[in-house]
Amino acid sequence: MEKELRVSKIAEGTVIDHIDAGRALNVLKILGLSGSEGLTIAVVMNVPSKKLGKKDIVKVEGVELREDQVSKIALIAPSATINIVKNYEVVEKVKVNVPHVIEGLLKCVNPNCITSLPREPVKTKFKVLRVRPLNLICEYCGVELNQEDVITQLTGAKA
Amino acid sequence: MFLNRDVISIIDFNPQELERLFDEADLMLRALEEGKHLKALEGYVMATAFFEPSTRTKMSFQTAMIRLGGSYIDLPPEEASSRAKGENLADTVRMLDSYADVIVIRHRVEGAARFAAEVATHPVINGGDGTRDHPTQAMIDLYTVRRLHGMINGLVYGVIGDLRYGRAARSFILGLSLFKPKKIYLISPPQLSCKREVIDFLNAKGVKYEEVYSLSEVVSELDVLYVTRIQRERFPDPLEFEKVKGSYKVSFDSLKNSKEKLSVLHPLPRVDELAYDLDNTAHARYFEQAKLGVPVRMALLKLVLKG
């Protein structure tokens, strides 16, 4: 019989599936989890996937995602599905969505952009030119962000 | 088509709208030549808010407003206004918006005009933002070509100079790509070549273009040569400026193989990239171009304020 890695079910919490292979740790960073919180966390990386070839999965016991966290996960794992688990059953399944315009979530890297001026009441606004690989353009100054820029901004880590 | 519209980038317009503007500019030009006193914008107030130096843009907007019977208010220099006390752009724009029917703004920061347009309820016209857009300059440049050559489509253009940091050159290239030029030669030292987003736009529009380093390779093909200065003030690194300054100069001699009807345009001011020995030749059209700033801005103000 073929050996299989099994990760046990969680009672209450969130399962984020179909994460781009290799980005599970970035997802944990977005959730602000380091492991020292004492929560049960399962991270599965680089397992076969029909959709993606390879994928990562993150299971977190006792955590529900905030809307801004879902938006951020969409930017680094655009195919991700978020399963909300209650009493060992998936009660809700949501596919993340990359919107056409991303407001207020990212910073423009151009220091001469109006959104970089600290005293102006202006939110950043990026138009999504392409989802895979991610390519965004600042609606104010035209400077583009790529996937690496976005991962660095959202997680503080190099892509 | 134009009523109450913000004018932020030349690419927000289509060729039909620009031709409509140019037809209106023809009428304004004729009225000016006939010495008519126009009253189309009587009772209207324009605010000019120039956070960067300007001669032609600001004064031609102000002249245009006066020539149409309207009036203008002008934001004082920083040291004489509340900005010296730390007022931000949003608050300054809100104030101007409450005084005037239209705001013309120039700012060193990219996206400032777009942001001002979001804050203001009245139309905002971009008089130049950082290295990005200068839509009314592009309107004047395209109109000048239409007057000189009878058309914008089908001509061979050369744009020489600082294609990277110059907003006039950038806006002219983007403006041309809305039409159907036969070909655009982008002539610059490699450090001053077009930004990728401009090249992407040319590709998306299917415009035929070629990036070259020297004018002499292509001068004989050109119908229009657009010259711009190196934007010293926008160089991130002064050492980079030192490397490229004086790297090109258009003179009488450099045009010796050109077509007889080649028009040389320049948004001005010039430094040393355009030799004075061209001024008295038939190629020199830049003073005429500068003069057309008034009728084009009259046409734009009239269309934006009254349709």
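Within 6.0 Å of NZ on Lys208(B) lie no more than 12 heavy atoms contributed by other residues, nucleotides or ligands. Other residues, nucleotides and ligands contribute over 12 non-hydrogen atoms within 6.0 Å of the CZ atom of Phe51(B). Residue Lys51(A) qualifies as enclosed at atom NZ: its count of foreign heavy atoms under 6.0 Å is above 12. Heavy-atom neighbours of Lys107(A) NZ from other residues, nucleotides or ligands within 6.0 Å: at or below the threshold of 12. Residue Arg232(B) qualifies as open at atom CZ: its count of foreign heavy atoms under 6.0 Å is 12 or below. More than 12 heavy atoms of other residues, nucleotides or ligands sit less than 6.0 Å from atom NZ of Lys183(B).
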Quick one: do Ile114(A) and Asp129(B) satisfy side-chain contact (heavy atoms from CB on, under 4.5 Å)? Show the steps, please.
CA-CA 10 Å; Ile114(A) 184 75; Asp129(B) 64 324; over 6 Å; no

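Listed for the Glu120(A) side chain is a donor-acceptor partner under 3.5 Å among the backbone atoms of Ala90(B). Here the side chain of Glu110(B) pairs no donor or acceptor atom with the backbone of Gly142(A) at under 3.5 angstrom. Between the side chain of Arg132(B) and the main chain of Cys141(A), a donor-acceptor pair closer than 3.5 Å is present.
Rounded to the nearest 0.5 angstrom, Asn110(A) CG and Thr131(B) OG1 are separated by 7.0 Å. Here Ile8(B) contributes atom CD1 and Glu139(A) contributes atom CD; the two are 12.5 Å apart, rounded to the nearest 0.5 Å.
Only the side chain of Arg196(B) has a heavy atom closer than 4.5 Å to any heavy atom of chain A. With a 4.5 angstrom heavy-atom cutoff, Leu117(A) touches chain B only via side-chain atoms.
Arg114(B) is not listed as a side-chain neighbour of Lys125(A), based on a closest heavy-atom distance of 4.5 Å or more. Side-chain contact between Pro121(A) and Val119(B) is absent, with no heavy atoms from C-beta onward closer than 4.5 Å.
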